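Structure first, commentary second.
No experiment lies behind these values; they were computed from the predicted model shown.
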Amino acid sequence: MNVKPNSHQRDMKTTIKCLVALVMGLTVLTANADDEKDYARFAEELRQKVWSDNDPMFSNYQCPEKYTNSQLYSAVILAARTDVDVTRKSYIRMTGLMMFGNPKMLGRHELNRMLIKLNDAAALKKYSEFDYSTFKRGRNYRGLEEKVQQVLGVRVIKPDGRIVNVDSKEYAVTREGKKDKDVSHKLAVPGLEVGDVLDIFTYEELMVQDRNVPDFTFSFVAPYPMLHYKVNCTIDKKFTVQYRSLNGAPQFKASTDEDDNTVLEADVSNVDRVEPALWYNPVKQSPLILLYVQDKSVSDKKIKSLKNRDLQANPDYEFILRDDFSFLHTHKKKVKEYYDWPLNKKLMKDELARAKKVDDKEEAARLIYTGLLYSYRAHDDYDAYTPYHFIIMMGEMLDRCNVPYQFVISTDDENEPLDQLIHVGNVLWLLKVGNTYFAPPTYQGMTAGLLPARLQGRKAAVITKLADHNSKYDLVMLPQSTAADNLDDVQLTATIDGTTLMIDRTESRTGTMKEGTATIMTDEQEFEAYDEYLGRKKEYIQGVNKRLREGTQQQFTKQNEQQQDDFKAEIEMYHDVTADRVLSTEILSTGIDPQHPEFTYRTQYTMDGWVKKAGSNLVVSVGKLIGSQAKVEGSTRNRSFDVNRSSPGLLQWDIRVNIPDGYEVSGESLSKLSRSVKNSTGEFTANASVEGRQLRLVVSKRYDKSDYPASQWQDLLQMLDAADEFTTMQIVFKK
């Protein structure tokens with residue numbers, strides 16, 4: 001349904017058009033003159049235009065009484081607006097006496113403005129400083145021209161109504177990149193205080209050649225209450241426009257302007273719900289509109305959903321999915337033509353021969369997966385790896401070994417669910433062999449057959465018949481792991497040395513608990529593990545081209561040195577404080593072998609100040625040995641949104657503290673260490689005992705699910721509070 005804009009909406013469109021015209025004129029000038037003065041002039045003119053806009057939302061600085069309580073609301077957004085314009089321009093490109101076709105320059109222009117009242121010191125700190133890139137230009141990896149420039153505007157409205165514009169002289173200039181061509185600005189807002197209202201805008205302009213512009217995401221909820229929010233989009237009539245409203249977001253009101261361009265508008269008011277800071281996934285939970293603007297002349301010709309230059313509001317997901325079937329079908333047929341088939345087949349000769357002899361087809365698939373991952377990591381073209389490349393190549397390997405499989409298409413938790421698909425590029429391809437799903441590797445040394453957390457429990461299309469646009473499939477839910485599948489097991493021994501604790505910690509992780517931690521493994525350690533599991537006759541370094549071998553060895557040495565810093569960072573992440581000294585580090589198991597999927601490492605280090613003298617006694621902060629725990633305070637304890645964690649999980653600690661000679665454990669302090677909280681969300685338990693000359697703590701924390709309804713938040717808080725409180729516990733050793 002087309003809706004005619006009212007007078008102020010027409011004013012908004014006129015404003016954004018003026019901004020785009022101003023940018024387009026300056027883009028040519030800046031690109032030719034390479035003069036920062038042009039950018040400064042443009043930025044100042046842009047600020048003047050924005051501040052002179054007569055939108056009544058941005059002239060009302062009064063905050064309703066209920067939002068002034070700083071204990072409940074750190075800040076409140078009085079008004080917010082997003083204006084978008086997407087343009088398209090063809091031109092003739094000439095080099096010397098040669099003339100080349102008609103490249104397309106696509107422009108993406110986005111203005112975000114917000115009026116926000118600062119209620120406390122946390123909000124003041126967050127909005128006191130800004131750091132942003134001003135302009136950048138050059139060519140992308142395809143040699144195509146790209147230009148980006150951004151502008152920030154800030155003014156302060158004082159409680160007495162005074163409006164203070166932040167002068168352009170307050171913006172500090174920094175330069176980076178080749179010949180200092182990448183210019184950034186830093187701003188510390190002068191005189192900003194709690195109780196002030198900030199009027200802020202950001203403007204970004206991106207010009208790209210012969211490729212589509214990035215998509216837009218509009219969120220109708222914010223970290224603070226929001227009184228008004230409007231979105232206005234003007235899109236050149238030559239584009240195909242696709243959008244999806246998710247999680248209760250409003251629908252766009254569609255119209256056309258005098259040039260027959262597409263105009264989309266949406267607005268909300270009085271949004272009291274706020275985005276939580278902990279365990280929240282905006283794509284799964286926030287009211288969002290995902291907007292894709294695409295030019296079929298620079299898109300793959302096989303994308304039939306872009307055939308018509310039209311507006312597609314919440315299209316049937318199968319309309320988009322059919323294009324993905326077509327891509328998969330095409331790439332499968334051309335694997336030997338477009339992929340490094342000869343090289344991968346050569347590198348995997350032994351694995352292919354072994355896999356053909358394995359009766360267990362899932363085991364054969366794990367062997368091929370691991371061998372292929374090694375193959376990609378081993379040859380020089382690893383930078384060309386893509387998840388789609390990997391899955392297509394693995395499918396071809398399975399065909400060679402007579403291992404039956406099915407292709408699977410899904411989306412991860414950073415994208416819309418498959419049955420709400422809005423863009424062909426938002427999917428991932430997987431393979432299913434028997435009951436095991438094989439996903440593209442997402443981190444170093446990933447175990448074959450392990451489904452990453454971001455794919456677990458997601459809707460997926462298991463293809464029963466692969467054809468061009470008419471594939472047959474079953475819509476299923478990908479498997480969801482249990483807490484026991486995702487184990488973080490800590491074995492820790494602590495010894496007192498004066499006021500210092502000497503800590504020997506061995507940590508073993510399985511399942512999704514490995515994600516993000518395996519990066520401390522070096523390439524050399526990874527390749528050694530591959531060589532061992534795959535039964536390679538010679539180690540990786542011996543297979544490296546002699547011309548490159550010395551450089552590779554130097555890289556290994558450099559990574560081994562860097563690994564010490566990585567372990568220091570791991571210790572700091574575990575305890576939330578830096579170790580005084582790191583004594584030794586060791587990787588015990590890489591998790592590459594599917595029969596031994598745990599990633600295990602050992603660190604020895606010291607923590608000073610964790611032992612204090614109280615007269616003749618010693619007081620030891622033993623609670624800190626389980627590491628830092630989530631602390632939920634203030635307004636964050638109130639929650640209306642569901643809880644979204646990455647996966648279920650089980651954390652276990654077996655901690656032993658050596659009792660110094662001449663000391664005994666205080667029975668009173670020992671009794672305070674044991675506790676148990678069990679409810680509908682999981683449990684936190686701690687048991688303390690004395691075994692010989694050791695204090696032993698056996699602690700467990702279990703999350704039964706990845707997602708919890710908001711109604712279970714208080715139960716979850718009980719568990720979180722118990723774990724956080726335990727970190728403050730001490731033991732007294734009596735002389």
Side-chain angles (χ1 to χ4, degrees), residues 328-408 428-451 462-463 466 523 525-545 548 552 590-597:
L328 180 54
H329 182 259
T330 299
H331 282 259
K332 174 93 170 68
K333 289 197 303 182
K334 298 186 176 181
V335 59
K336 297 177 184 177
E337 179 180 349
Y338 291 156
Y339 294 74
D340 297 328
W341 170 251
L343 178 58
N344 281 293
K345 186 172 70 169
K346 178 182 178 181
L347 289 171
M348 288 191 58
K349 181 175 63 175
D350 292 342
E351 284 75 54
L352 291 171
R354 287 171 55 194
K356 290 178 181 179
K357 300 176 182 179
V358 176
D359 293 331
D360 186 328
K361 300 305 181 184
E362 292 181 37
E363 182 183 344
R366 290 188 182 93
L367 177 62
I368 290 173
Y369 182 100
T370 308
L372 185 59
L373 183 52
Y374 175 90
S375 174
Y376 274 99
R377 295 282 287 123
H379 69 67
D380 298 334
D381 196 33
Y382 183 62
D383 289 341
Y385 161 85
T386 71
Y388 310 100
H389 195 294
F390 184 92
I391 291 299
I392 289 293
M393 185 63 70
M394 182 176 173
E396 186 66 20
M397 300 286 184
L398 294 175
D399 285 336
R400 290 280 171 148
C401 298
N402 298 315
V403 176
Y405 65 92
Q406 293 173 289
F407 282 110
V408 181
L428 281 174
W429 298 344
L430 301 85
L431 292 171
K432 184 184 181 187
V433 178
N435 294 317
T436 302
Y437 289 87
F438 293 86
T442 56
Y443 58 89
Q444 188 177 4
M446 183 167 156
T447 308
L450 178 64
L451 201 59
V462 178
I463 300 174
L466 181 61
D523 287 350
Q525 291 166 335
E526 181 184 3
F527 286 130
E528 286 176 354
Y530 280 126
D531 289 337
E532 181 178 354
Y533 168 66
L534 297 173
R536 297 278 175 169
K537 295 179 181 178
K538 60 181 179 180
E539 61 183 21
Y540 165 78
I541 192 66
Q542 299 302 319
V544 175
N545 186 296
L548 303 174
T552 301
T590 64
I592 286 174
D593 185 346
Q595 298 300 317
H596 302 282

Exercise. Taking all non-hydrogen atoms of both residues into account, name the closest pair between Val433 and Lys361 and its distance.
Key: CG1-O, 3.8 Å

Exercise. Apply side-chain contact (heavy atoms from CB on, under 4.5 Å) to Gln525 and list each qualifying residue two or more places apart in sequence or on a separate chain.
Key: Met521, Thr522, Gln563, Ile587

Quiz item: Say you draw a straight line from CD1 of Ile368 to CD of Glu396; how long is it, rounded to the nearest 0.5 Å?
Solution: 11.0 Å

Practice problem: Heavy atoms only: give me the nearest Gln406-Ile463 pair and the separation to one decimal. | Solution: NE2-O, 3.5 Å

Quiz item: Can you tell me if Thr370 uses its side chain to pair, donor with acceptor, with the backbone of Arg366 under 3.5 Å?
Solution: yes

Quiz item: Between Tyr374 and Arg536, is any pair of side-chain heavy atoms under 4.5 Å apart?
Solution: yes

Quiz item: Which value, rounded to the nearest 0.5 Å, describes the distance between Arg400 atom CZ and Met348 atom CE?
Solution: 12.0 Å

Self-check item: Asn435, CG atom: more than 12 neighbouring heavy atoms under 6.0 Å
Solution: no

Self-check item: Pairing residues for Arg354 by the side chain to side chain donor-acceptor pair (under 3.5 Å) criterion, not counting sequence neighbours
Solution: none

Exercise. Only counting residues at least two apart or in another chain, list the ones meeting ring-ring contact (aromatic ring centres under 6.0 Å, His included) with Tyr405.
Key: Phe407

Self-check item: CG-NZ distance between Leu367 and Lys356, expressed to the nearest 0.5 angstrom
Solution: 12.5 Å

Quiz item: Does Thr447 reach the main-chain N or O of Gly591 with its side chain, forming a donor-acceptor pair under 3.5 Å?
Solution: yes

Self-check item: Point-to-point distance, once rounded to the nearest 0.5 Å, from OH of Tyr533 to OG1 of Thr590
Solution: 11.5 Å

Practice problem: With rounding to the nearest 0.5 Å, note down the distance linking CD in Glu362 to NZ in Lys432. | Solution: 9.5 Å

Self-check item: Contact check, side chains of Leu328 and Leu466, non-hydrogen atoms, under 4.5 Å
Solution: yes

Quiz item: Can you name the nearest heavy-atom pair linking Trp429 to Ile391, along with the distance?
Solution: O-CG1, 3.2 Å

Quiz item: Of the non-hydrogen atoms in Val403 and Ala364, which two are nearest, and what is the gap between them?
Solution: CG2-CB, 4.1 Å

Quiz prompt | Exercise: identify the closest heavy-atom pair between Leu373 and Pro441 | solution = CD1-CG, 3.6 Å

Quiz item: Hey, is the main chain of Ala439 close enough, under 3.5 Å, to the side chain of Tyr369 for a donor-acceptor pair?
Solution: yes

Quiz item: What closest approach, in Å, do Leu428 and Pro387 show between heavy atoms, and which atom pair accounts for it?
Solution: CD2-CB, 4.1 Å

Quiz item: Nearest 0.5 Å, what's the CE-NE2 distance between Met394 and His389?
Solution: 15.0 Å

